[in-house]
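Heads up: the structure comes next, in structure tokens.
Reminder, nothing fancy here: chain letters follow the sequence lines and each chain counts from 1.
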Amino acid sequence: MINITFPDGNIRQYESGTSALDIAKSISMGLANKVLVAKVNGEVRDLMRPIDTDASLELLTWDSEDGKKTYWHSSAHLLAEALEALYPGTKFGIGPAIDAGFYYDVDMGEKSLSTNDFAKIEEKMLELARKKSQYTRKEVSKADAIQYFTEKGDEYKLELLEGLNDGDITFYTQGDFTDLCRGPHIPNTEGIKAIKLMKVAGAYWRGDESRKQMTRIYGITFPKAQDLKDHLTMIEEALKRDHRKLGQELELFMFSEKVGAGLPIWLPRGTALRSRLEDFLKKEQIKRGYQPVITPHIANKKLYETSGHWAKYGADSFQPIQTPREGEVFLLKPMNCPHHCEIYGHRPRSYKELPLRIAEFGTVYRYEQAGELHGLTRVRGFTQDDAHLFCTPDQLESEFIGVVELTTYVLKKMGFENYTAQISLRHQTDRSKYIGSEELWEQAENAIIEATKKIGLKTTIEYDEAAFYGPKLDFMVKDALGRSWQLGTVQVDYNLPNRFELEYIGADNQPHRPVMIHRAPFGSMERFIGVLTEHCAGKFPLWMTPDQVAILPISDRFSDYANGVLDQLAEHDIRGFVDERAEKIGRKIRDTELKRVPFMLIVGEKEVAEGRISVRKQGGGDKEEDKGKGDMGSMTIAEFVAYFKNLIQ
RNA sequence: GCCAGUGUAGCUCAGAGGUAGAGCAGCUGAUUUGUAAUCAGCUGGUCGGGGGUUCGACUCCCUCCACUGGCUCCA
């Protein structure tokens with residue numbers, strides 16, 4: 001007999017060799033029907049596998065992350081089975097579960113798959129699912145595995161096998177499809193009821209651009225049709241928050257083919273918003289001892305030869321600017337740091353003036369690949385809220401911590417709670433992409449790791465995400481569709497001070513090399529505002545929103561009174577406009593709601609007579625159930641100003 | 001840059017080998033209005049650019065550009 005411990009601490013005895021599914025059945029048939037996979041001593045395993053030692057057991061259903069992942073991974077196998085049935089000769093790469101669904105990378109030879117083929121594949125998958133095929137696990141020797149895939153002619157699986165040890169190899173079979181797979185899987189295909197293929201994409205084999213591009217098919221499945229429906233509705237809702245859509249509707253920014261791809265143009269309302277963010281940070285930086293500077297948008301090529309940017313990115317950048325003078329070459333500024341290094345180095349520096357913090361809202365230009373451009377979040381010309389801190393090695397930690405605190409403060413002030421602080425380190429083995437000595441890199445990496453530990457910042461570690469001159473601490477935030485973007489960044493750099501031969505005279509009267517911190521709390525104004533827009537669905541925090549109030553006269557007889565109200569509010573730094581159109585009040589309210597103006601002040605006969613305003617708060621959006629919820633009744637102007645000020649703090 | 005898709009009026013979209021349509025927006029007029037769309041009339045498009053096939057192309061083919069979703073990249 002074996003002792004099985006359940007998550008609630010309960011212990012029950014079973015015969016050795018009992019499967020998790022049997023155990024589930026012993027508890028209730030309802031559970032047995034729902035359970036997808038088991039967690040045995042912390043390891044996720046097939047339900048059918050016998051348990052032969054004392055163990056802790058968790059029975060995972062659709063409600064758990066691991067349950068969903070297993071279900072989706074099994075769905076990927078079902079997709080593969082369907083593809084093999086419909087397109088014989090298809091070769092298979094990998095087919096994992098992802099955050100929402102799964103994909104399979106396949107090589108279909110000459111066949112070019114498009115979304116038009118989806119219906120047919122989905123139908124096939126459903127047909128196969130209804131056969132209730134078991135997912136059966138089989139341990140195979142490496143030799144047998146190689147033989148199987150050699151006969152099948154699947155070179156991708158053979159390549160995957162190369163990386164596996166004999167004795168460690170398992171096959172899973174459901175229906176007519178057998179796959180090399182570690183598992184685990186759900187018991188059978190019966191529970192896969194709702195299937196939707198989402199998109200096709202090219203994906204390089206093993207993520208390597210130099211290798212074959214395979215066809216990646218994304219899909220998602222659910223146990224109930226309603227779940228799929230809800231999922232699709234959720235995506236639709238998310239698309240309404242897309243900053244590209246809202247940016248157009250709210251007239252924040254635009255693009256023009258004539259100006260060029262990836263070059264955002266800020267409209268008046270967007271500029272107002274952006275300026276407010278800039279002013280906020282500028283003020284904060286002054287408080288914290290930063291000195292604003294301004295540097296030009298182009299610089300001599302020599303500057304970037306010194307910094308290393310020319311060697312690293314020159315060929316893939318906007319190409320050099322020639323002048324009438326032969327041999328004279330300028331580049332559009334891709335980064336501000338070389339300029340700031342020049343500022344540091346323009347005269348001898350004493351340890352007494354360190355840390356030196358110089359800040360610039362610096363606009364930079366990078367030739368991002370055409371397929372990469374994306375609204376405001378990936379552009380070719382953007383403004384970094386950049387600063388460079390030059391300090392002694394002793395000051396590094398406290399400066400670093402100060403910068404992290406500023407960044408988290410800014411994020412909080414903007415209403416971002418769900419960000420990840422990611423330590424971006426070098427590639428674990430390939431060191432060819434970086435400049436600088438091993439020793440300096442280690443120093444920089446340790447500095448980041450130690451400092452974040454010290455302030456108790458929760459971090460994740462990602463390899464192969466460092467800048468070419470140093471490691472980074474990146475603040476990652478997700479957009480409406482769950483895509484992750486880097487906003488704020490803090491980077492410790494020992495390399496550029498070397499390349500620019502920066503020095504300070506220490507207390508010992510000897511020259512020393514400063515350490516440099518690059519940092520940008522927003523990251524770039526463009527990306528930040530893009531992601532911010534999606535987070536608040538266009539309803540920006542009151543203090544930064546372009547128009548805070550709209551004054552809506554019931555008819556033009558009350559225009560004078562309305563304008564008087566506007567003037568009075570302006571005296572209290574409350575900004576807005578009067579809607580003097582000859583429209584009904586319902587119309588004015590609707591238009592104002594769509595513009596996401598936080599407050600509507602309605603004035604008519606009654607208000608004029610009493611010297612008051614009727615206040616309506618912006619509703620929850622264009623939804624029926626949110627309508628009519630915002631009426632706050634009547635106030636005096638002074639009451640409204642007090643209420644408003646209190647909201648802003 | 002690569003794979004797949006899209007491109008019709010300012011916006012959202014319909015249409016289609018015989019020369020383009022709706023709603024909203026805009027303009028004009030009427031309406032003076034009480035918490036999410038007042039009514040009427042009018043204007044508006046070399047159907048993304050270029051090339052080809054055809055008696056005829058917005059429609060079919062090629063190519064370029066832009067955009068969308070991924071991949072790779074991201075100082």
ask   = Given A/Phe253 and A/Ile529, is the side chain to side chain contact (heavy atoms under 4.5 Å, CB included) satisfied, shown in steps?
value = CA-CA 10 Å; A/Phe253 61 89; A/Ile529 289 174; 5.9 Å; no
Would you classify [X] as touching base, sugar-phosphate or nothing, given that sugar-phosphate means primed atoms plus P, OP1 and OP2, and contacts are heavy atoms under 4.0 Å?
X: A/Lys588; answer: nothing
X: A/Leu552; answer: nothing
X: A/Gly371; answer: base
X: A/Gly207; answer: sugar-phosphate
X: A/Gln486; answer: nothing
X: A/Ala370; answer: base
X: A/Tyr218; answer: sugar-phosphate
X: A/Gln384; answer: nothing

query = Within the structure, does a side-chain N or O atom of A/His374 lie under 4.0 Å from either OP1 or OP2 of B/C74?
reply =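 Result: no.
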query = Any side-chain N or O of A/Arg616 under 4.0 Å from OP1/OP2 of B/G34?
reply =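 Result: no.
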Which value, in whole Å, describes the distance between the [atom1] atoms of nucleotides [N] and [M]?
N: B/A20; M: B/G29; atom1: C1'; result: 29 Å
N: B/C27; M: B/G10; atom1: C1'; result: 13 Å
N: B/U35; M: B/G44; atom1: C1'; result: 34 Å
N: B/A57; M: B/C71; atom1: C1'; result: 36 Å
N: B/U59; M: B/C47; atom1: C1'; result: 9 Å
N: B/U54; M: B/U12; atom1: P; result: 37 Å
N: B/C61; M: B/U43; atom1: P; result: 36 Å
N: B/C39; M: B/A25; atom1: P; result: 10 Å

query = Is any side-chain N of the basic residue among A/Glu438 and A/Arg431 closer than 4.0 Å to the acidic one's carboxylate O?
reply =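 Counted as a salt bridge, because a side-chain N and a carboxylate O are separated by less than 4.0 Å.
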message = So that I can tick it off, tell me whether A/Glu593 and A/Arg590 are bridged by a salt bridge, with the cut-off set at under 4.0 angstrom between side-chain N and carboxylate O.
response =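 Result for this pair is no, no salt bridge flagged.
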For [N], give its Watson-Crick or G-U wobble partner with both distances under 3.5 Å, or none.
N: B/U38; result: B/A30
N: B/G21; result: B/C13
N: B/G44; result: none
N: B/G7; result: B/C65

Expressed in angstrom and rounded to an integer, what is the separation of [X] atom [atom1] from [N] atom [atom2]?
X: A/Arg527; N: B/C74; atom1: CZ; atom2: C1'; answer: 8 Å
X: A/Met254; N: B/C11; atom1: CE; atom2: P; answer: 10 Å
X: A/Glu249; N: B/C11; atom1: CD; atom2: P; answer: 12 Å
X: A/Glu465; N: B/C73; atom1: CD; atom2: P; answer: 9 Å
X: A/Tyr434; N: B/C74; atom1: OH; atom2: C1'; answer: 12 Å
X: A/Leu373; N: B/G69; atom1: CG; atom2: P; answer: 12 Å
X: A/Leu267; N: B/C11; atom1: CG; atom2: P; answer: 13 Å
X: A/Lys433; N: B/C74; atom1: NZ; atom2: C1'; answer: 11 Å

query = Hey, do the aromatic rings of A/Phe222 and A/His231 have their centres closer than 6.0 Å?
reply =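 Between A/Phe222 and A/His231, the centre distance is under 6.0 Å.
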query = So, A/Tyr313 versus A/Phe468, ring centres under 6.0 angstrom or not?
reply =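 A/Tyr313 vs A/Phe468: aromatic centres under 6.0 Å.
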Taking only the side-chain heavy atoms of [X] (C-beta and beyond), determine which of [options] contains the nearest atom.
X: A/Arg244; options: B/A4, B/U38, B/G69; result: B/G69
X: A/Lys199; options: B/A37, B/C73, B/G70; result: B/G70
X: A/Tyr313; options: B/C74, B/C67, B/G1; result: B/C74
X: A/Arg216; options: B/A36, B/A4, B/G70; result: B/G70
X: A/Gln369; options: B/G1, B/U35, B/A36; result: B/G1
X: A/Arg483; options: B/U33, B/G69, B/C67; result: B/G69
X: A/Glu605; options: B/C73, B/G34, B/A4; result: B/G34
X: A/Ile589; options: B/A36, B/U38, B/C71; result: B/A36

ask   = Can you name the one residue among A/Lys595, A/Arg269, A/Arg596 that meets side-chain hydrogen bond (donor to acceptor under 3.5 Å, both in side chains) with A/Asp547?
value =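 So, applying the side-chain hydrogen bond (donor to acceptor under 3.5 Å, both in side chains) to A/Asp547 and each of A/Lys595, A/Arg269, A/Arg596, only A/Arg269 qualifies.
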request  = Could you tell me whether the side chains of A/Ser614 and A/Glu607 share a donor-acceptor contact shorter than 3.5 Å?
outcome  =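 The criterion, which ignores hydrogens and geometry beyond distance, is satisfied for A/Glu607 and A/Ser614.
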Passing candidate, ring-ring contact (aromatic ring centres under 6.0 Å, His included) with A/Phe92, options A/Tyr156, A/Trp205, A/Tyr104 =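 The residue from A/Tyr156, A/Trp205, A/Tyr104 that satisfies ring-ring contact (aromatic ring centres under 6.0 Å, His included) with A/Phe92 turns out to be A/Tyr104.
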query = Has A/Lys196 got more than 12 heavy atoms of other residues, nucleotides or ligands less than 6.0 Å from its NZ?
reply =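 No, not enclosed.
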key: Nucleic acid footprint by protein, nucleotides 25-32 of chain B - heavy-atom cut-off 4.0 Å, B for base, S for sugar-phosphate alone   = S-----BB
key: Partners meeting side-chain contact (heavy atoms from CB on, under 4.5 Å) with A/Asn336 (sequence neighbours left out)   =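 Testing A/Asn336 for side-chain contact (heavy atoms from CB on, under 4.5 Å), a comparison that skips the adjacent residues, returns A/Lys333, A/His340, A/Glu360, A/Val364, A/Gln384, A/Asp386, A/His388.
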task = Run through A/Thr420, A/Thr489, A/Val490 and flag the one making a side-chain contact (heavy atoms from CB on, under 4.5 Å) with A/Phe475.
result =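 Looking at A/Thr420, A/Thr489, A/Val490, the match for A/Phe475 under the side-chain contact (heavy atoms from CB on, under 4.5 Å) is A/Val490.
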key: Closest-nucleotide ordering on RNA chain B, the 5'-leading residue of A/Gln248 and A/Ala201   =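 Taking each residue's closest nucleotide, the earlier one in sequence belongs to A/Gln248.
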key: Pairwise 5' ranking along RNA chain B for A/Ala203 and A/Ser112, keeping only the more 5' one   =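 With A/Ala203 and A/Ser112 compared, the 5'-side residue is A/Ser112.
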Please evaluate the base of [N] for a donor-acceptor partner in the side chain of [X] within a cut-off of under 3.5 Å?
X: A/Tyr204; N: B/G1; result: yes
X: A/Glu593; N: B/A36; result: yes
X: A/Arg366; N: B/C73; result: no

